[in-house]
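Reviewing the structure listed below.
Proteins come first, then strands; the chains are lettered A, B, ... in the order of their sequence lines, and each starts at number 1. The figures that follow rest on heavy atoms only: side chains count, while hydrogens, waters and symmetry mates do not. Quick caveat, the model's predicted, so the values are computed rather than measured.
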Amino acid sequence: MELRRPRGTNDILPGEVERWQRLEDAVRTVFDRHGYAEIRLPVFEHTEVFVRGVGETTDIVEKQMYTFEDQGGRSLTLRPEGTAPVVRAYLEHKLHGRGLPAKLYYIGPMFRYERPQAGRYRQFHQFGAEAIGSDSPLLDVEMMAIPVTIYRELGLENFRIDLNSIGCEACRPAYRQALRDYLVTRLDALCPTCVRRLDRNPLRVLDCKEKPCIEASEGAPKSYEHLCDECAEHFAAVQKGLDALGLEYVVNYRLVRGLDYYTRTVFELVGLDLGAQDALGGGGRYDGLVEACGGPPTPAVGFAAGIERVLLSLEKLGVEAEAPALDAYIVVQGETDRADALRLAFALRSAGLRVEMDYLNRSMRAQMRTAQRSGAAYAVILGESETAAGTALVKDMASGEQQEVSQERIVDVIRGGRNLG
RNA sequence: GUGGGUGUAGCUCAGCUGGUUAGAGCGCCAGGUUGUGGCCCUGGAGGCCGCCGGUUCGACUCCGGUCACUCACCCCA
């Protein structure tokens with residue numbers, strides 16, 4: 001039986017990895033520009049980090065975690081998301097001591113046990129950010145503006161911002177009750193899962209996709225109409241900030257999100273040309289999470305975006321990313337000492353050129369063909385008479401012209417030609 | 001966890017209602033005389049026809065199971 005990669009994982013091969021690198025570059029430069037520092041955390045954590053951080057009643061914790069016991073009997077979990085670990089690290093290293101808000105970003109693999117589908121994998125990759133220690137609505141705005149900036153940088157425009165506010169500990173209970181009261185009157189119309197949700201998490205009924213549930217909740221009370229004064233003010237400020245940046249958004253009262261820790265602002269970036277898994281990114285405010293993880297009361301906001309989905313969208317747009325072509329391919333003729341060719345290759349490489357050569361002792365004809373196919377701008381041909389003279393033939397692959405130059409001058413000839421061309 | 005679709009060379013795919021050595025294009029390798037690529041020509045390597053079982057004289061082809069991929073539900077990034 002052939003060895004295969006585990007279900008829901010992907011090998012990122014040459015030819016595709018260039019897209020990833022381009023995206024990662026964009027992510028890093030944009031974060032850097034906005035004052036966010038990268039933080040790199042372990043891919044597994046104590047299971048407790050997620051149980052307390054993400055919430056026991058979430059799907060993630062209930063059925064999607066890769067949890068295992070290590071040889072020391074510790075229960076560990078492959079991280080299913082990035083926020084809880086960042087909060088854990090923020091507390092563990094007392095990052096508040098470096099000034100608030102702590103503005104951190106991450107980029108890396110996440111793991112969730114789910115049925116793989118278009119845009120959904122068991123190992124997937126996210127980039128995201130957290131700003132911990134400020135309740136400013138300006139940061140909520142920043143969390144939406146940054147991914148938008150990254151997408152635009154990459155040439156991706158086809159998405160929508162959905163926005164909502166689900167209130168805080170002070171006002172949400174009353175809203176939840178009002179919603180429940182409303183939905184109870186339409187109990188018969190709801191699907192079985194929503195009937196169950198009514199008790200534990202009635203907000204989730206709002207984003208159920210069953211037609212009857214959608215209709216039943218059509219006239220339901222909206223969270224943003226039941227906010228306390230502070231939350232209402234905050235929500236207004238967030239919208240004002242988005243307007244100030246000229247970011248278009250849609251207030252969507254059905255947007256509630258599946259992680260327990262959110263308060264006030266929640267948002268989602270919805271890709272318009274993706275399949276069923278159309279969330280390019282999402283996030284919100286989680287003013288209670290730091291405290292729930294054992295820290296002092298600390299407000300925070302964050303977002304995360306799915307790299308595979310961004311890449312998928314770019315692919316549909318036909319955005320290409322290719323590895324840069326070679327500057328030179330060294331062609332060795334006849335009985336010429338291959339060590340001379342290797343030495344020349346390394347000399348050119350040291351000078352900063354991208355250089356390849358043959359390692360299979362192939363015929364000159366075959367080497368020329370490979371040089372051609374590799375897209376190399378120049379072939380550097382090394383024969384017995386050239387090695388003896390300390391020269392090489394530098395051939396412009398496009399024009400076919402070639403000249404014999406001393407080996408010391410090859411770099412200049414290639415650089416010069418490139419400047420002209 | 002539940003459904004639908006699909007599994008034949010490295011890639012994209014043919015293979016008619018079961019019949020003898022399983023094909024094409026692209027890619028890869030070599031050659032078209034002795035130190036030069038693209039175009040063209042010739043040749044070559046490469047397939048447990050996903051796997052297991054069944055029906056049959058005979059299965060890539062039909063049936064069952066299984067695994068994988070894929071799309072959707074669910075959930076989200």
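Rounded to whole Å, the distance from CZ on A:R4 to C1' on B:C67 is 9 Å. In this structure, A:R120 places its CZ atom 10 Å from P of B:C76, rounding to the nearest Å. Atom CD1 of A:I381 and atom C1' of B:G37 are 9 Å apart (whole Å). Atom-to-atom, CG of A:L13 to C1' of B:G10 comes out at 12 Å; the value is rounded to the nearest Å.
By the 4.0 Å N-to-carboxylate-O rule, A:D25 lies too far from A:R28 to be salt-bridged with it.
Within the shown strands, B:A68 is the pairing partner of B:U6 under the Watson-Crick or G-U definition, both distances less than 3.5 Å. Across all strands shown, B:A22 remains unpaired; no Watson-Crick or G-U wobble contact has both distances below 3.5 Å. With a cut-off of 3.5 Å on both Watson-Crick or G-U wobble distances, the partner of B:G1 is given as B:C73. Across all strands shown, B:U17 forms no Watson-Crick or G-U wobble pair with both distances under 3.5 Å. Figure legend. B:U33 is base-paired to no nucleotide; pairs are counted as Watson-Crick or G-U wobble with both atom distances under 3.5 Å.
Of the residues near RNA chain B, A:G306 and A:K63, the one whose nearest nucleotide (by heavy atom distance) lies more toward the 5' end is A:K63. Both A:R7 and A:D278 sit near RNA chain B, but only A:R7 has its closest nucleotide nearer the 5' end.
Between A:Q117 and B:A72 there is a side-chain N or O to OP1 or OP2 distance below 4.0 Å. Under 4.0 angstrom from either OP1 or OP2 of B:C75 there lies no side-chain N or O belonging to A:Q64. Taking side-chain N and O atoms only, A:Q333 has a distance below 4.0 Å to OP1 or OP2 of B:G35.
Of all heavy-atom pairs spanning A:F267 and A:F303, the tightest one is CZ-CB, 3.5 Å.
Residue contacts for A:A371: at a heavy-atom cut-off of 4.0 Å it reaches no nucleic acid atom on any strand shown. Across all strands shown, A:F111 has no heavy atoms under 4.0 Å from either base or sugar-phosphate atoms. As judged by a 4.0 angstrom heavy-atom cut-off over every strand, A:I307 is placed among residues making no nucleic acid contact. At a threshold of 4.0 angstrom between heavy atoms, the contacts of A:G282 are confined to the sugar-phosphate backbone, with no base atom among them.
In this structure, a donor-acceptor pair under 3.5 Å is present between the side chains of A:Y286 and A:E130. Defined by atom type and a distance below 3.5 Å, a donor-acceptor pair is present between the side-chain atoms of A:N158 and A:D273.
Rounded to the nearest Å, the gap between the C1' atom of B:G35 and that of B:C28 is 25 Å. Comparing the same atom, P, in B:C51 and in B:A9 gives a spacing of 10 Å after rounding to whole Å. Only the P atoms considered, B:G53 is 14 Å distant from B:C49, to the nearest whole Å. Atom name C1', nucleotides B:C13 and B:A30: the rounded distance is 27 Å, in whole Å. Atom name C1', nucleotides B:U61 and B:G54: the rounded distance is 15 Å, in whole Å. Across B:C60 and B:G18, the matching C1' atoms stand 10 Å from one another, rounded to whole Å.
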Which protein N or O atoms sit under 3.5 Å from an N or O of nucleotides 29-32 of chain B?
{"unit_1": "B:C29", "atom_1": "OP1", "unit_2": "A:R362", "atom_2": "NH1", "d": "2.6"}
{"unit_1": "B:G31", "atom_1": "OP2", "unit_2": "A:S363", "atom_2": "OG", "d": "3.4"}
{"unit_1": "B:G31", "atom_1": "O6", "unit_2": "A:R365", "atom_2": "NH2", "d": "3.4"}
{"unit_1": "B:G32", "atom_1": "N7", "unit_2": "A:R365", "atom_2": "NH2", "d": "3.0"}
{"unit_1": "B:G32", "atom_1": "O6", "unit_2": "A:R365", "atom_2": "NH2", "d": "2.5"}

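Proximity of A:H234 to A:T265: side-chain heavy atoms (C-beta onward) are separated by under 4.5 Å at one or more points. Between A:T370 and A:V331, the closest side-chain pair of non-hydrogen atoms is not below 4.5 Å.
Residues A:F159 and A:Y151 place their aromatic rings such that the two centres sit under 6.0 Å apart.
Between the side chain of A:Q367 and the base of B:G35, no donor-acceptor pair of N or O atoms lies under 3.5 Å. Between the side chain of A:Q277 and the base of B:C71 there is no donor-acceptor pair of N/O atoms closer than 3.5 Å.
Although no hydrogens or angles enter the test, the distance criterion places a donor-acceptor pair under 3.5 Å between the side chain of A:R354 and the main chain of A:A325.
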